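Right, one structure below, let's go through it.
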Amino acid sequence: MSPESKKLFNIIILGIAFMFMFTAFQTCGNVAQTVIRSLNSTDFHGSGYTSMAIIYGVFSASNLITPSVVAIVGPQLSMFASGLFYSMYIAVFIQPFPWAFYTASVFIGIAAAVLWTAQGNCLTVNSDEHTIGRNSGIFWALLQSSLFFGNLYIYFAWQGKTQISESDRRTVFIALTVISLVGTVLFFLIRKPDPETVLGEDESSDDQDLDVSEPAQNNMTKAIDAFKKSLKLCVTKEMLLLSITTAYTGLELTFFSGVYGTCIGAVNKFGTEEKSLIGLSGIFIGIGEILVHLCGRGVLLQ
């Protein structure tokens, strides 16, 4: 396999792995509050919104230290370990307890920061200035297709249901846990690309990729250097400007991934279709996301 083919293979595997993981996680997030409302009449008392606040709060705080973690552990193992925590969070819904639910929310917040840092590393080392647009488009299209597949399952599984029974809940979340674990294992299929200059580097650059081992540099030094680079990056003009659109993206993500579907599932006028319509709304969101990423990055035009 040629070096370029190997890199494209890695990008496709990366996208498929994320597709499986986020088919499980995004579907879980989309229906979490609806499921919890059906549980609050039992001994379980919790809130999907509180869980999401914990996840993304910890996610944000953890991003400063995760480059150091990825520098030491490596992107492949980092993504695998993070995938296990994603699967653990989803599995909590099979037999939920408040303490386990909120503890898993903290762990997945940390895991998410590690996962996305490692993903950025993997995408970068498998791209150059000519392929980064194509590769990003392929990855994000595969990732966002998770919204389509996961919600399609919910649409058919919950059709005609006005209440989510214990059997319904367990069936859905056992299936989602298995799907997440499949995506996690797929990270081991990613191959290390042949050593060469990658995007953002030149022959004389001191900014070596986090996945390249340097014999003269021990793990602690690598971790400290990665942390310093993160702090420097935070205060650059480009990042400060990007933070405005990033904040808006966060608000939008919160609405469509957690609030919108729950609102649909609570509209009694929809009758017996109210719960399955949560899945249908997610399907159309997924279709829109896929088309935007393909067209916006020019993948369909290449």
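All values derive from a computational prediction rather than experimental measurement.
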Say you draw a straight line from [atom1] of [X] to [atom2] of [Y]; how long is it, rounded to the nearest 0.5 Å?
X      : Y      : atom1 : atom2 : answer
Ile90  : Met21  : CD1   : CE    : 7.5 Å
Leu84  : Leu181 : CG    : CG    : 7.0 Å
Ile55  : Thr50  : CD1   : OG1   : 11.0 Å
Ile154 : Leu176 : CD1   : CG    : 6.0 Å
Ile190 : Leu14  : CD1   : CG    : 5.0 Å
Thr246 : Met239 : OG1   : CE    : 6.5 Å

Query - Whether Phe93 and Phe173 hold their rings parallel, tilted or perpendicular, with breakpoints at 30° and 60° - result: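 Ring orientation, 0 to 90° scale: parallel.
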Requested in this report: Could you tell me how the ring of Phe97 sits relative to the ring of Trp99: parallel (under 30°), tilted (30 to 60°) or perpendicular (over 60°)?
Outcome: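 Rings of Phe97 and Trp99: parallel, as their planes differ by under 30°.
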Check: [Y] main-chain N/O paired with [X] side-chain donor or acceptor under 3.5 Å:
X      : Y      : result
Thr131 : Ser127 : no
Ser136 : Gly133 : no
Ser105 : Phe101 : yes
Thr103 : Ala100 : no

**Report entry** Ring centres under 6.0 angstrom apart (Trp116, Tyr86)
**Finding:**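 No, ring centres 6.0 Å or more apart.
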Query raised in the report: Would you call Met79 and Leu115 a side-chain contact if the rule is heavy atoms closer than 4.5 Å?
Result: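 Touching, per the 4.5 Å side-chain cut-off.
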Query - Any Ser87 side-chain heavy atom under 4.5 Å of Thr184 side chain - result: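 Sidechains of Thr184 and Ser87: in contact.
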Query raised in the report: Within a reach of under 6.0 Å around CZ of Phe20, are more than 12 heavy atoms found that belong to other residues, nucleotides or ligands?
Result: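 Count not over threshold, so no.
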Query raised in the report: Given the rule in the side-chain contact (heavy atoms from CB on, under 4.5 Å) test, do Ile138 and Leu8 qualify, once you have shown the distances and angles that lead to the verdict?
Result: CA-CA 10 Å; Ile138 291 171; Leu8 182 59; 3.9 Å; yes
Query - Evaluation steps, ring pair (Phe, Tyr, Trp, His ring centres under 6.0 Å), between Phe85 and Phe107 - result: CA-CA 7 Å; Phe85 282 107; Phe107 282 124; 5.6 Å; yes
Report task. For Arg170 and Gln95, run side-chain contact (heavy atoms from CB on, under 4.5 Å): C-alpha distance rounded to whole Å, both residues' side-chain angles, the deciding distance at 0.1 Å, then the answer. Result -> CA-CA 8 Å; Arg170 287 184 173 177; Gln95 186 58 54; 2.2 Å; yes
Query - Distance-only side-chain donor-acceptor flag, Ser51 / Tyr89, under 3.5 Å - result: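 Judged by distance alone, the side chains do pair up.
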Requested in this report: Say whether Thr124 and Asn121, considering side chains only, have a donor N or O and an acceptor N or O under 3.5 Å apart.
Outcome: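 Judged by distance alone, the side chains do not pair up.
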Query raised in the report: Given Leu123 and Gln119, is the side-chain contact (heavy atoms from CB on, under 4.5 Å) satisfied, shown in steps?
Result: CA-CA 6 Å; Leu123 183 65; Gln119 176 271 335; 3.8 Å; yes
